[in-house]
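Here is the structure we will look at, set down as structure tokens.
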Amino acid sequence: RGLAPTSYLHPPGLLPHDLFTKYGYNVYLSDRLPLDRPIPDTRYPSCKVKKYPHDLPTLSVVLIFFNEAMSIILRAITSIINRTPSHLLKEIVLVDDYSSNEDLKGYLDEQIKNYNAKHPGLLKIVRHQKREGLTQARISGWEASTADVVAILDAHIEVNVGWAEPILSRIKEDRTVIISPVFDNVHFDDFELLEYAVSADGFDWALWCLYEPLPKEWYACTSDPSLGVFLHCSQTPMTGPFQVFLGEIGVLDGGMHIYGGENVELGLRVWQCGGQIEVLPCARVAHLERAHKPYMLDLSIAMRRNALRVAEVWMDDYKYMVYFAWNLPIENPGIDYGDVSSRKELRKKLNCKSFDWYIKNVYPNLIPLTTVVVYGTMKNTLNENICVDQGPVPGNTPIMYDCHAYSSQVLKTSYLTATRNLLLSFALDSFLSHASFVLQGSSVMNKKTKRCLEIVMDNLSSPYRLVMQNCTGQKWNVQHTVKDWGKRSALR
Ligand code: UDP
Ligand code: MN
């Protein structure tokens, strides 16, 4: 096991730190680690003794990339060749999302030729002629694939031993299942493998993915943890950022930009249109979570736009929760999320179930707020340049502060219920939990003490303070109002 070939080592002029900034991981180290380095086998013991049929569907593995380091991509390819039974691995499809790095052009083509000299026809490359984002890169890879099953992965991965067999045999059993492996984390600094617990992938109302602990029933009804028995035990949705899947319901929403949303869209579409998603504990893939994303500093812009596409197509009345989560007005949100008419048609054509069905049957952990009347920032009519703010953290004293509308000023879980009670997430709780607020432009009064939330200025040069005091008639407004949220029949 020698060191990686030195031909792709970066010029000595580039300091390790510059490389780190450019890629979001320690390229200096990656370039010096063997391409076929061993990684710990993180599977459960029961996975290691499991036998799978020899005869399984064939596999295409898609690796998408935009300006990833050469050694990273070659290590991914090497792991796939070494750890997938060769009679099942039909091809590896690289998708270049219009990278600008020089080494990813001619030098990569040469590498592909070398691999194909040893393994005829194994490697293919699709190159975008302009930057199209990760969703389109995945779609392009899918379209170029010719095997029975397609695994779509980032290019900064190393598959672990025995990763493919559980996936292929599960799909052989049931072709409507979409599988996610368990992703362990390769640390961006030292490239050590950090084992992740098996968990279900869920999402919040902003449609960011998050790990959900496994439901109790999963432990209760399986004595063999190597079985991905979510199917029988629970209906937890798995919508990971990385999908291994077989699809007949369309691949991904090609209208998504740059980053985010495509995973939740896939998850909803699969469940609502008659399929299911499972995490298979015996299939493990090591994924490098980068320290930062070099291609975009603020992912939330793309995420927000893509989330609205998902909301508009798949979430029916519950779409308002996505608008709350992003603090956008429901009418005229001022965000161009593109044309969703063909996605709506697809939903109709496939005769998919409602989001209400989904949330009640598949993902009951996702709780909607059905009684929201107002949301957003909160201002006093005395001075509209300042907003209620959660104040210094740690601490539990809300303050008035120049309005910036970042999260510390958005009454996120704070909302007015239809019964006119003001519920606040800030530390205001203690003195406001019994407050009444007769909608926009009214005072905010604690029902018990009859004192009001008001602002005072101690002298002309000091800033306004937030106080509870005898009411002087000050009035408050919250940024957004919902007219008929909660009255919708589906939300009961
Ligand atoms: N990627 C791409 N085009 C883009 C942005 C990202 O092809 O415009 C690729 C990137 O190289 C990576 C994958 O998409 O292989 C997923 O991106 P990333 O790893 O940054 O996101 P994650 O889903 O892991 O958070
Ligand atoms: Mn990634």
Side-chain angles (χ1 to χ4, degrees), residues 20-27 30 61-77 79-80 92-101 103-104 108 125-144 151-159 180-188 191 193-194 196 201 203-204 206-211 238-245 251-267 284-303 305-307:
F20 188 88
T21 309
K22 181 168 169 195
Y23 291 98
Y25 44 75
N26 187 348
V27 180
S30 172
V61 184
V62 171
L63 297 177
I64 64 167
F65 62 89
F66 170 71
N67 282 347
E68 301 276 351
M70 179 62 69
S71 57
I72 291 283
I73 298 174
L74 295 183
R75 188 169 297 109
I77 295 171
S79 75
I80 293 163
I92 300 174
V93 180
L94 304 177
V95 181
D96 174 8
D97 190 20
Y98 201 54
S99 299
S100 52
N101 291 358
D103 59 345
L104 294 175
L108 181 58
I125 184 154
V126 177
R127 290 192 193 270
H128 283 172
Q129 295 313 305
K130 62 178 176 30
R131 176 90 176 279
E132 303 203 39
L134 66 87
T135 300
Q136 189 54 50
R138 287 174 180 161
I139 296 172
S140 301
W142 164 270
E143 284 170 349
I152 303 183
L153 296 163
D154 294 358
H156 41 237
I157 52 97
E158 289 158 84
V159 297
S180 177
V182 178
F183 287 94
D184 295 309
N185 183 19
V186 172
H187 195 271
F188 53 76
F191 278 65
L193 188 67
L194 183 70
Y196 273 10
D201 294 352
F203 55 87
D204 62 16
L207 307 192
W208 292 108
C209 282
L210 49 85
Y211 289 116
M238 260 55 70
T239 60
F242 334 88
Q243 301 288 348
V244 176
F245 65 93
V251 192
L252 295 172
D253 175 2
M256 298 288 183
H257 283 175
I258 307 185
Y259 182 94
E262 84 294 341
N263 37 23
V264 175
E265 195 273 344
L266 175 68
R284 317 246 358 173
V285 172
H287 166 258
L288 197 155
E289 278 169 32
R290 291 193 264 195
H292 56 269
K293 310 250 188 249
Y295 52 83
M296 207 186 197
L297 287 178
D298 185 0
L299 296 173
S300 63
I301 312 257
M303 184 64 211
R305 171 197 179 275
N306 293 343

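Residue indices begin at 1 and follow the sequence shown. Just follow the structure's listing: the first ligand is 1, and inside any ligand the first atom is 1.
Counting heavy atoms closer than 4.0 Å to ligand 1, residue Asp97 contributes side-chain atoms (C-beta onward) but none from N, CA, C or O. Proximity of Phe66 to ligand 1, defined as any heavy-atom pair under 4.0 Å, is shared by backbone and side chain alike.
Heavy-atom distances between His287 and ligand 1 reach below 4.0 Å in at least one pair. The closest approach between any non-hydrogen atom of His156 and ligand 1 is below 4.0 Å. Contact between Arg290 and ligand 1 is present, with at least one heavy atom of the residue lying under 4.0 Å from the ligand.
Atoms NE2 and CD, on His257 and Gln136 in that order, are 10.5 Å from each other to the nearest 0.5 Å. To the nearest 0.5 Å, atom NE2 of residue His292 and atom CG of residue Leu299 are 11.5 Å apart. To the nearest 0.5 Å, atom CG of residue Asn101 and atom CE of residue Met70 are 9.0 Å apart. With rounding to the nearest 0.5 Å, the separation of CG in Leu194 from CD in Glu289 is 8.5 Å. Distance CD1/Ile152 to CG/Leu266: 9.0 Å, rounded to 0.5 Å.
Less than 4.0 angstrom separates some heavy atom of Ala155 from each of these atoms of ligand 1: 15 (O). Taking a cut-off of under 4.0 Å to the non-hydrogen atoms of Glu68, the atoms of ligand 1 that pass are 10 (C), 11 (O), 12 (C), 15 (O). Proximity to Ile64 (heavy-atom distance under 4.0 Å) selects the following atoms of ligand 1: 9 (C), 13 (C), 14 (O), 15 (O). In summary, the atoms of ligand 1 found under 4.0 Å from a heavy atom of Lys293, numbered by their order in the structure, are 18 (P), 20 (O), 21 (O), 22 (P), 25 (O). Interface atoms of ligand 1 facing Tyr259, defined by a heavy-atom separation under 4.0 Å, are 21 (O), 22 (P), 23 (O), 25 (O). Near Phe65, meaning under 4.0 Å from any of its heavy atoms, are these atoms of ligand 1: 7 (O), 11 (O).
Within Asp154, the N, O or S atom lying nearest to the Mn ion (ligand 2) carries the name OD2.
Not counting sequence neighbours, the partners of Val95 by the side-chain contact (heavy atoms from CB on, under 4.5 Å) test are Val62, Ile64, Val93, Val126, His128, Ala137, Ser140. Judged as a side-chain hydrogen bond (donor to acceptor under 3.5 Å, both in side chains), and not counting sequence neighbours, the contacts of Arg290 are Glu68.
Here the angle centred on the Mn ion (ligand 2), running from NE2 of His156 over to NE2 of His287, is 100°, rounded to 10°.
By heavy-atom distance, the residue among Asn67, Asp154, Leu63, Leu288 lying nearest atom 24 (O) of ligand 1 is Asp154.
Ser100 and Asn67 form a side-chain donor-acceptor contact under 3.5 Å, judged by distance and modelled atom types alone.
Taking the charged nitrogens against the carboxylate oxygens, Arg138 and Asp154 do have a contact shorter than 4.0 Å, which makes a salt bridge.
Considering both main-chain and side-chain atoms, Ala137 never comes within under 3.5 Å of ligand 1 through any nitrogen or oxygen pair.
Considering only heavy atoms from C-beta on, Ile301 stays 4.5 Å or farther from Ile258 through its side chain.
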